K.L.:
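Dropping the structure in here first, questions after.
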Amino acid sequence: GDRALIMRLAPLYQQEQEKAFQQGERQVIEDILRTRFGSIDEELAAIIESVMELPSAEFVPLLLQLEREE
């Protein structure tokens, strides 16, 4: 019945939520990088994945302190 359907849909819903959350997180990271550096080149794009593995409480200050060699 309905319960079986809900049990099947719950993990899918959770996956979608997680995907949406990760996309939101990526957006935040990209926005911070764009604000700091004007654009995202390959070098910056390469660190996005690693940064996304950190909790936001850690990655936000990290990104704000990021310096680049000219």
Side-chain angles (χ1 to χ4, degrees):
D2 285 350
R3 186 161 174 72
L5 181 64
I6 289 169
M7 295 303 281
R8 283 216 319 267
L9 290 177
L12 290 173
Y13 176 73
Q14 220 165 351
Q15 278 177 333
E16 285 306 306
Q17 287 288 92
E18 204 147 303
K19 235 188 283 178
F21 177 74
Q22 285 175 338
Q23 283 171 340
E25 208 169 55
R26 173 181 285 273
Q27 194 59 56
V28 168
I29 294 167
E30 289 179 359
D31 289 348
I32 292 172
L33 291 174
R34 265 194 215 97
T35 303
R36 297 277 333 253
F37 303 110
S39 68
I40 296 176
D41 58 15
E42 283 178 35
E43 193 184 353
L44 290 173
I47 68 167
I48 292 175
E49 294 300 320
S50 327
V51 172
M52 283 178 68
E53 291 170 20
L54 299 170
S56 59
E58 286 177 30
F59 78 62
V60 171
L62 190 76
L63 291 174
L64 293 175
Q65 291 165 15
L66 205 57
E67 296 294 331
R68 280 189 99 162
E69 272 47 324
E70 287 308 317

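Here the structure is a predicted model, which means the values were calculated and not measured.
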K.L.:
For Glu42, enumerate each residue passing the salt bridge (Lys or Arg N to Asp or Glu O under 4.0 Å) test, keeping only those at least two apart in sequence or located in another chain.
P.N.:
none
K.L.:
Out of curiosity, Glu30 CD to Arg34 CZ, how far, rounded to the nearest 0.5 Å?
P.N.:
5.0 Å
K.L.:
Just jot down the side chain to side chain donor-acceptor pair (under 3.5 Å) partners of Glu43, sequence neighbours excluded, or say none.
P.N.:
Arg68
K.L.:
Who are the side chain to side chain donor-acceptor pair (under 3.5 Å) partners of Gln27, not counting sequence neighbours?
P.N.:
Asp31
K.L.:
Starting from Ile29, walk the hydrophobic network (Ile, Leu, Val, Met, Phe, Trp, Tyr; side-chain heavy atoms closer than 4.5 Å) and list everyone else you reach, by chain and number.
P.N.:
Val28, Ile32, Leu33, Phe37, Ile40, Leu44, Ile47, Ile48, Val51, Met52, Leu54, Phe59, Val60, Leu62, Leu63, Leu64, Leu66
K.L.:
Any side-chain hydrogen bond (donor to acceptor under 3.5 Å, both in side chains) pairs touching residues 55-66, not counting sequence neighbours?
P.N.:
none
K.L.:
Quick one: side-chain hydrogen bond (donor to acceptor under 3.5 Å, both in side chains) pairs with a partner in residues 2-18, sequence neighbours left out?
P.N.:
Glu16-Lys19
